[in-house]
2 protein chains.
Amino acid sequence: MTRPFANALELLRAARLRPTRQRLALARLLFEKGDRHVAAEELHGEALAAQVPVSLATVYNTLHQFVGAGLLREVVINPGRSYFDTNVSDHHHFFYEDSGKLRDIPGDSIAVTNVPPPPDGGSIRRVDVVVRVEKAASKARS
Amino acid sequence: MTRPFANALELLRAARLRPTRQRLALARLLFEKGDRHVAAEELHGEALAAQVPVSLATVYNTLHQFVGAGLLREVVINPGRSYFDTNVSDHHHFFYEDSGKLRDIPGDSIAVTNVPPPPDGGSIRRVDVVVRVEKAASKARS
DNA sequence: AAAACAGATTATAATAGTTCTAGACTATTG
DNA sequence: CAATAGTCTAGAACTATTATAATCTGTTTT
Ligand SMILES: [Mn+2]
Ligand SMILES: [Mn+2]
Ligand SMILES: [Zn+2]
Ligand SMILES: [Zn+2]
(Lines give C-alpha, C1' and ligand atoms only; values in the text may rest on other atoms or scores of the structure.)
(Ligands and ions follow the chains in the order given, each with its own letter.)
Protein backbone atom coordinates (compact mmCIF):
# COMPACT_ATOMS: atom_id res chain seq x y z
CA MET A 1 0.00 0.00 0.00
CA THR A 2 3.03 2.28 -0.25
CA ARG A 3 2.26 4.63 -3.10
CA PRO A 4 5.39 5.66 -4.97
CA PHE A 5 4.85 9.35 -4.12
CA ALA A 6 3.06 10.29 -0.97
CA ASN A 7 2.39 13.78 -2.19
CA ALA A 8 2.50 15.91 -5.28
CA LEU A 9 5.56 17.80 -4.12
CA GLU A 10 7.77 14.72 -3.93
CA LEU A 11 6.50 13.59 -7.28
CA LEU A 12 7.45 16.87 -8.94
CA ARG A 13 10.83 16.92 -7.24
CA ALA A 14 11.58 13.43 -8.50
CA ALA A 15 10.60 14.52 -12.01
CA ARG A 16 12.80 17.62 -11.69
CA LEU A 17 9.90 19.93 -12.42
CA ARG A 18 9.41 23.12 -10.46
CA PRO A 19 6.57 22.74 -8.01
CA THR A 20 4.38 25.51 -9.29
CA ARG A 21 0.83 26.14 -8.13
CA GLN A 22 -0.51 24.76 -11.40
CA ARG A 23 1.58 21.63 -11.53
CA LEU A 24 0.90 20.81 -7.91
CA ALA A 25 -2.81 21.15 -8.40
CA LEU A 26 -2.82 19.08 -11.58
CA ALA A 27 -0.68 16.39 -9.97
CA ARG A 28 -3.12 16.14 -7.09
CA LEU A 29 -6.10 15.92 -9.39
CA LEU A 30 -4.39 13.23 -11.42
CA PHE A 31 -2.80 11.03 -8.80
CA GLU A 32 -4.86 11.30 -5.65
CA LYS A 33 -7.89 9.52 -7.04
CA GLY A 34 -6.60 6.11 -8.10
CA ASP A 35 -6.08 5.09 -11.69
CA ARG A 36 -7.67 7.33 -14.28
CA HIS A 37 -7.85 7.88 -18.01
CA VAL A 38 -8.42 11.54 -18.53
CA ALA A 39 -8.46 13.89 -21.50
CA ALA A 40 -6.83 17.31 -21.39
CA GLU A 41 -10.03 19.34 -21.54
CA GLU A 42 -11.57 17.15 -18.89
CA LEU A 43 -8.68 17.77 -16.49
CA HIS A 44 -8.82 21.47 -17.29
CA GLY A 45 -12.49 21.47 -16.35
CA GLU A 46 -11.73 19.73 -13.07
CA ALA A 47 -9.03 22.24 -12.24
CA LEU A 48 -11.30 25.19 -12.85
CA ALA A 49 -14.04 23.53 -10.79
CA ALA A 50 -11.50 23.11 -7.98
CA GLN A 51 -10.81 26.85 -8.04
CA VAL A 52 -7.40 26.40 -9.63
CA PRO A 53 -7.35 28.83 -12.50
CA VAL A 54 -4.98 27.24 -14.98
CA SER A 55 -4.86 27.70 -18.71
CA LEU A 56 -5.55 24.90 -21.13
CA ALA A 57 -2.09 25.42 -22.62
CA THR A 58 -0.54 24.71 -19.23
CA VAL A 59 -2.65 21.60 -18.84
CA TYR A 60 -1.27 20.32 -22.14
CA ASN A 61 2.26 21.33 -21.25
CA THR A 62 2.02 19.63 -17.89
CA LEU A 63 0.48 16.44 -19.25
CA HIS A 64 3.26 16.10 -21.80
CA GLN A 65 5.91 16.83 -19.20
CA PHE A 66 4.42 14.12 -17.00
CA VAL A 67 4.44 11.71 -19.92
CA GLY A 68 8.07 12.58 -20.54
CA ALA A 69 8.86 11.94 -16.89
CA GLY A 70 7.16 8.56 -16.99
CA LEU A 71 4.37 9.61 -14.64
CA LEU A 72 1.68 9.30 -17.29
CA ARG A 73 1.10 7.32 -20.43
CA GLU A 74 -0.69 8.67 -23.49
CA VAL A 75 -3.33 6.36 -24.90
CA VAL A 76 -4.79 6.93 -28.36
CA ILE A 77 -7.91 5.06 -29.34
CA ASN A 78 -10.02 7.47 -31.32
CA PRO A 79 -8.87 10.08 -33.76
CA GLY A 80 -8.78 13.56 -32.35
CA ARG A 81 -8.57 12.90 -28.62
CA SER A 82 -5.83 11.55 -26.39
CA TYR A 83 -6.33 9.96 -23.02
CA PHE A 84 -3.71 10.33 -20.33
CA ASP A 85 -3.36 7.26 -18.18
CA THR A 86 -2.13 7.48 -14.60
CA ASN A 87 -1.36 3.77 -14.65
CA VAL A 88 2.11 3.46 -16.15
CA SER A 89 2.56 -0.19 -15.31
CA ASP A 90 2.42 -2.82 -18.03
CA HIS A 91 -1.27 -3.24 -18.77
CA HIS A 92 -3.94 -3.16 -21.46
CA HIS A 93 -7.42 -1.72 -21.98
CA PHE A 94 -11.05 -2.41 -22.50
CA PHE A 95 -12.60 0.27 -24.66
CA TYR A 96 -16.35 0.70 -24.29
CA GLU A 97 -17.46 1.91 -27.68
CA ASP A 98 -20.74 3.42 -26.56
CA SER A 99 -19.44 5.49 -23.65
CA GLY A 100 -15.90 6.07 -24.87
CA LYS A 101 -14.57 4.99 -21.47
CA LEU A 102 -11.39 3.04 -20.89
CA ARG A 103 -10.84 0.39 -18.26
CA ASP A 104 -7.59 -1.29 -17.30
CA ILE A 105 -6.78 -4.93 -17.90
CA PRO A 106 -3.86 -5.97 -15.68
CA GLY A 107 -0.81 -6.86 -17.72
CA ASP A 108 -0.53 -10.35 -16.30
CA SER A 109 -4.15 -11.29 -16.99
CA ILE A 110 -3.60 -11.22 -20.77
CA ALA A 111 -0.95 -13.11 -22.67
CA VAL A 112 0.22 -12.07 -26.12
CA THR A 113 2.28 -14.88 -27.55
CA ASN A 114 4.08 -15.72 -30.78
CA VAL A 115 4.72 -12.09 -31.69
CA PRO A 116 7.05 -12.39 -34.67
CA PRO A 117 10.19 -10.24 -34.82
CA PRO A 118 9.69 -6.94 -36.66
CA PRO A 119 10.43 -7.59 -40.36
CA ASP A 120 12.13 -4.26 -40.93
CA GLY A 121 14.43 -4.44 -37.94
CA GLY A 122 14.18 -2.47 -34.74
CA SER A 123 13.13 -3.68 -31.32
CA ILE A 124 9.75 -4.04 -29.69
CA ARG A 125 9.16 -1.19 -27.28
CA ARG A 126 5.68 -2.07 -26.18
CA VAL A 127 2.70 -4.22 -27.08
CA ASP A 128 -0.67 -2.51 -26.71
CA VAL A 129 -3.86 -4.52 -26.62
CA VAL A 130 -7.23 -2.82 -26.93
CA VAL A 131 -10.30 -4.95 -26.40
CA ARG A 132 -13.24 -3.20 -28.03
CA VAL A 133 -16.47 -3.80 -26.17
CA GLU A 134 -19.88 -3.14 -27.68
CA LYS A 135 -23.03 -2.77 -25.69
CA ALA A 136 -25.31 -5.61 -26.80
CA ALA A 137 -24.29 -9.11 -25.82
CA SER A 138 -24.67 -10.96 -29.11
CA LYS A 139 -23.71 -14.50 -28.16
CA ALA A 140 -22.15 -16.63 -30.89
CA ARG A 141 -24.59 -15.79 -33.62
CA SER A 142 -23.89 -14.16 -36.95
CA MET B 1 -5.33 -16.24 -55.76
CA THR B 2 -8.96 -15.28 -56.47
CA ARG B 3 -9.29 -11.74 -55.28
CA PRO B 4 -12.73 -10.98 -53.91
CA PHE B 5 -13.36 -8.25 -56.51
CA ALA B 6 -11.65 -8.46 -59.86
CA ASN B 7 -12.34 -4.83 -60.60
CA ALA B 8 -13.48 -1.65 -58.96
CA LEU B 9 -16.86 -1.72 -60.67
CA GLU B 10 -17.87 -5.04 -59.14
CA LEU B 11 -16.66 -3.90 -55.78
CA LEU B 12 -18.83 -0.77 -55.88
CA ARG B 13 -21.83 -2.72 -57.11
CA ALA B 14 -21.49 -5.16 -54.26
CA ALA B 15 -21.30 -2.25 -51.83
CA ARG B 16 -24.38 -0.67 -53.44
CA LEU B 17 -22.52 2.53 -54.18
CA ARG B 18 -22.93 4.30 -57.50
CA PRO B 19 -19.85 3.79 -59.65
CA THR B 20 -18.89 7.41 -60.07
CA ARG B 21 -15.66 8.55 -61.67
CA GLN B 22 -14.29 9.50 -58.25
CA ARG B 23 -15.19 6.32 -56.44
CA LEU B 24 -13.91 4.14 -59.24
CA ALA B 25 -10.60 5.94 -59.27
CA LEU B 26 -10.24 5.81 -55.49
CA ALA B 27 -11.18 2.13 -55.39
CA ARG B 28 -8.52 1.37 -57.96
CA LEU B 29 -5.88 3.32 -56.08
CA LEU B 30 -6.81 1.56 -52.88
CA PHE B 31 -7.29 -2.03 -53.94
CA GLU B 32 -5.13 -2.65 -56.99
CA LYS B 33 -1.84 -2.37 -55.15
CA GLY B 34 -2.02 -5.05 -52.48
CA ASP B 35 -2.53 -4.30 -48.81
CA ARG B 36 -2.06 -0.72 -47.78
CA HIS B 37 -2.45 1.61 -44.84
CA VAL B 38 -3.20 5.00 -46.22
CA ALA B 39 -4.24 8.34 -44.77
CA ALA B 40 -6.90 10.49 -46.40
CA GLU B 41 -4.60 13.29 -47.50
CA GLU B 42 -2.15 10.76 -48.88
CA LEU B 43 -4.82 9.13 -51.03
CA HIS B 44 -6.00 12.54 -52.14
CA GLY B 45 -2.49 13.34 -53.27
CA GLU B 46 -2.26 10.08 -55.22
CA ALA B 47 -5.55 10.79 -56.93
CA LEU B 48 -4.46 14.24 -58.03
CA ALA B 49 -1.14 12.84 -59.22
CA ALA B 50 -3.08 10.27 -61.26
CA GLN B 51 -4.98 13.06 -62.99
CA VAL B 52 -8.18 12.33 -61.13
CA PRO B 53 -9.34 15.66 -59.78
CA VAL B 54 -11.30 14.76 -56.69
CA SER B 55 -11.95 16.92 -53.67
CA LEU B 56 -10.61 16.07 -50.26
CA ALA B 57 -14.18 16.02 -48.95
CA THR B 58 -15.05 13.30 -51.42
CA VAL B 59 -12.00 11.31 -50.41
CA TYR B 60 -13.19 11.41 -46.80
CA ASN B 61 -16.76 10.58 -47.80
CA THR B 62 -15.62 7.67 -49.91
CA LEU B 63 -13.26 6.29 -47.28
CA HIS B 64 -16.01 6.31 -44.68
CA GLN B 65 -18.47 4.72 -47.08
CA PHE B 66 -15.93 1.98 -47.78
CA VAL B 67 -15.44 1.45 -44.06
CA GLY B 68 -19.21 1.22 -43.65
CA ALA B 69 -19.35 -1.35 -46.45
CA GLY B 70 -16.63 -3.43 -44.83
CA LEU B 71 -14.14 -2.78 -47.61
CA LEU B 72 -11.78 -0.83 -45.36
CA ARG B 73 -10.90 -0.70 -41.71
CA GLU B 74 -9.99 2.49 -39.88
CA VAL B 75 -6.87 2.20 -37.73
CA VAL B 76 -6.03 4.83 -35.13
CA ILE B 77 -2.57 4.87 -33.64
CA ASN B 78 -1.56 8.47 -33.30
CA PRO B 79 -3.71 11.41 -32.37
CA GLY B 80 -4.83 13.50 -35.29
CA ARG B 81 -4.49 11.06 -38.18
CA SER B 82 -6.41 7.96 -39.20
CA TYR B 83 -5.08 5.19 -41.38
CA PHE B 84 -7.39 3.30 -43.68
CA ASP B 85 -6.47 -0.34 -44.00
CA THR B 86 -7.32 -2.32 -47.12
CA ASN B 87 -6.82 -5.53 -45.20
CA VAL B 88 -10.12 -6.23 -43.46
CA SER B 89 -9.24 -9.72 -42.34
CA ASP B 90 -8.49 -10.46 -38.71
CA HIS B 91 -4.97 -9.20 -38.19
CA HIS B 92 -2.73 -6.93 -36.12
CA HIS B 93 -0.02 -4.33 -36.66
CA PHE B 94 3.56 -3.39 -36.21
CA PHE B 95 3.89 0.34 -35.80
CA TYR B 96 7.30 1.77 -36.65
CA GLU B 97 7.61 4.77 -34.40
CA ASP B 98 10.27 6.56 -36.39
CA SER B 99 8.65 6.38 -39.81
CA GLY B 100 5.01 6.24 -38.74
CA LYS B 101 4.44 3.25 -41.04
CA LEU B 102 2.19 0.30 -40.31
CA ARG B 103 2.81 -3.29 -41.24
CA ASP B 104 0.43 -6.21 -40.96
CA ILE B 105 0.84 -9.12 -38.59
CA PRO B 106 -1.32 -12.04 -39.74
CA GLY B 107 -4.09 -12.77 -37.26
CA ASP B 108 -3.04 -16.36 -36.76
CA SER B 109 0.60 -15.56 -36.03
CA ILE B 110 -0.28 -13.85 -32.73
CA ALA B 111 -2.30 -15.34 -29.91
CA VAL B 112 -4.06 -13.20 -27.32
CA THR B 113 -5.17 -15.44 -24.52
CA ASN B 114 -6.87 -15.14 -21.15
CA VAL B 115 -8.78 -12.00 -22.05
CA PRO B 116 -11.12 -11.58 -19.10
CA PRO B 117 -14.81 -10.84 -19.73
CA PRO B 118 -15.62 -7.11 -19.79
CA PRO B 119 -16.41 -6.07 -16.21
CA ASP B 120 -19.21 -3.70 -17.17
CA GLY B 121 -21.04 -6.10 -19.46
CA GLY B 122 -21.15 -6.00 -23.23
CA SER B 123 -19.48 -8.27 -25.71
CA ILE B 124 -16.06 -8.20 -27.27
CA ARG B 125 -16.26 -6.90 -30.81
CA ARG B 126 -12.59 -6.98 -31.65
CA VAL B 127 -9.15 -7.26 -30.10
CA ASP B 128 -6.54 -4.93 -31.57
CA VAL B 129 -2.86 -5.52 -30.96
CA VAL B 130 -0.31 -2.86 -31.83
CA VAL B 131 3.35 -3.79 -31.53
CA ARG B 132 5.35 -0.59 -31.23
CA VAL B 133 8.75 -0.88 -32.83
CA GLU B 134 11.58 1.54 -32.13
CA LYS B 135 14.59 1.95 -34.32
CA ALA B 136 17.57 0.94 -32.18
CA ALA B 137 17.91 -2.72 -31.31
CA SER B 138 18.54 -2.62 -27.57
CA LYS B 139 18.86 -6.30 -26.72
CA ALA B 140 17.81 -7.38 -23.24
CA ARG B 141 19.56 -4.63 -21.35
CA SER B 142 18.02 -2.05 -19.08
C1' DA C 1 16.48 40.27 1.27
C1' DA C 2 17.20 42.22 -3.39
C1' DA C 3 18.56 41.38 -7.70
C1' DA C 4 19.15 38.42 -11.49
C1' DC C 5 18.06 34.51 -14.04
C1' DA C 6 15.90 30.61 -15.88
C1' DG C 7 11.89 28.51 -16.22
C1' DA C 8 6.73 28.58 -16.30
C1' DT C 9 2.23 30.47 -17.34
C1' DT C 10 -1.05 32.58 -20.18
C1' DA C 11 -3.99 34.96 -23.69
C1' DT C 12 -4.14 34.63 -28.05
C1' DA C 13 -3.20 33.20 -32.64
C1' DA C 14 -2.10 29.47 -35.54
C1' DT C 15 -2.31 24.74 -37.16
C1' DA C 16 -3.91 20.17 -38.77
C1' DG C 17 -7.07 16.92 -39.68
C1' DT C 18 -11.61 16.32 -40.36
C1' DT C 19 -16.56 17.38 -40.99
C1' DC C 20 -20.36 20.34 -42.49
C1' DT C 21 -23.10 23.12 -45.84
C1' DA C 22 -25.59 24.09 -49.60
C1' DG C 23 -25.58 24.55 -54.26
C1' DA C 24 -24.06 22.40 -58.78
C1' DC C 25 -23.58 18.05 -61.07
C1' DT C 26 -24.59 13.13 -62.60
C1' DA C 27 -25.95 8.27 -62.60
C1' DT C 28 -30.12 5.81 -62.73
C1' DT C 29 -34.93 5.01 -63.71
C1' DG C 30 -39.10 5.24 -66.28
C1' DC D 1 -35.15 12.38 -72.70
C1' DA D 2 -37.30 14.25 -68.00
C1' DA D 3 -37.46 13.41 -63.17
C1' DT D 4 -35.28 11.88 -59.17
C1' DA D 5 -32.13 10.60 -55.86
C1' DG D 6 -27.66 10.40 -55.00
C1' DT D 7 -23.02 12.53 -55.39
C1' DC D 8 -19.50 16.04 -55.70
C1' DT D 9 -17.33 20.21 -54.41
C1' DA D 10 -15.51 24.84 -52.72
C1' DG D 11 -15.35 26.79 -48.91
C1' DA D 12 -16.52 27.57 -44.18
C1' DA D 13 -16.62 25.56 -39.74
C1' DC D 14 -15.03 22.75 -36.09
C1' DT D 15 -12.07 20.33 -32.59
C1' DA D 16 -8.13 19.13 -30.43
C1' DT D 17 -3.78 20.57 -30.10
C1' DT D 18 0.45 23.42 -30.49
C1' DA D 19 3.10 27.77 -31.13
C1' DT D 20 4.11 32.66 -29.85
C1' DA D 21 5.64 36.12 -27.17
C1' DA D 22 4.78 38.82 -23.31
C1' DT D 23 4.29 38.46 -18.34
C1' DC D 24 5.06 36.22 -14.12
C1' DT D 25 7.29 33.22 -10.51
C1' DG D 26 10.43 29.96 -8.38
C1' DT D 27 15.25 29.57 -7.58
C1' DT D 28 19.91 31.03 -7.18
C1' DT D 29 23.26 34.49 -6.48
C1' DT D 30 24.90 38.43 -4.42
MN1 LIG E 1 0.67 14.47 -27.44
MN1 LIG F 1 -13.50 8.62 -39.19
ZN1 LIG G 1 -4.82 2.29 -18.31
ZN1 LIG H 1 -3.44 -3.78 -41.59
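In what follows, chains carry the letters A, B, and so on, assigned in the order in which the sequence lines appear, proteins first and then strands, with residues in each chain numbered from 1.
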Regarding A/His93 and A/Asp85, do their side chains bring together a donor and an acceptor under 3.5 Å, going by distance alone? yes
| If only side-chain N and O atoms of B/His64 are considered, is one of them under 4.0 Å from the OP1 or OP2 phosphate oxygen of C/dT19? | yes
Ordered by number, residues from residues 53-60 of chain A within less than 4.0 Å of DNA chain D (heavy atoms) are A/Leu56, A/Ala57, A/Tyr60
Looking only at side-chain N and O atoms, does B/Arg18 come under 4.0 Å of OP1 or OP2 in C/dT26? no
message = Do A/Phe84 and A/Val75 make a side-chain contact, defined as non-hydrogen atoms from C-beta onward lying under 4.5 Å apart?
response = no
note: A/Leu12, atom CG; D/dT25, atom C1'; distance rounded to Å ~ 15 Å
Residues at least two apart in sequence or cross-chain that pass side chain to side chain donor-acceptor pair (under 3.5 Å) with A/Arg73, listed by chain then number, are none
Here the distance between atom C1' of C/dT28 and atom CG of B/Leu17, to the nearest Å, is 14 Å
B/Asn78 atom CG is separated from D/dT18 atom C1', nearest whole Å, by 15 Å
From CD of A/Gln65 across to P of C/dG7 the rounded distance in Å is 12 Å
Query - Lys/Arg N to Asp/Glu carboxylate O, A/Glu97 vs A/Lys135, below 4.0 Å - result: no
OP1 or OP2 of C/dT9 sitting under 4.0 Å from any side-chain N/O of A/Thr20?
yes
Atom CD of A/Gln22 and atom P of C/dG7 are separated, to the nearest Å, by 17 Å
B/Leu63 CG to D/dC8 P, in whole Å, measures 12 Å
- Query: Is any side-chain N of the basic residue among B/Arg36 and B/Glu46 closer than 4.0 Å to the acidic one's carboxylate O?
  - Reply: yes
Taken to the nearest whole Å, CD/A/Glu41 to P/D/dT15 is 10 Å
**Study point:** ILVMFWY network linking B/Val67 to B/Leu71, side-chain heavy atoms under 4.5 angstrom
**Key:** yes
Separation between CD (B/Gln65) and CG (B/Asn61), nearest 0.5 Å, reads 5.5 Å
Of B/Ala39 and B/Arg21, the one whose closest nucleotide on DNA chain C sits nearer the 5' end is B/Ala39
Closest to the side chain of A/Asn61, out of D/dT17, C/dT26, C/dT10, is C/dT10
note: B/Arg23, atom CZ; C/dT26, atom P; distance rounded to Å ~ 14 Å
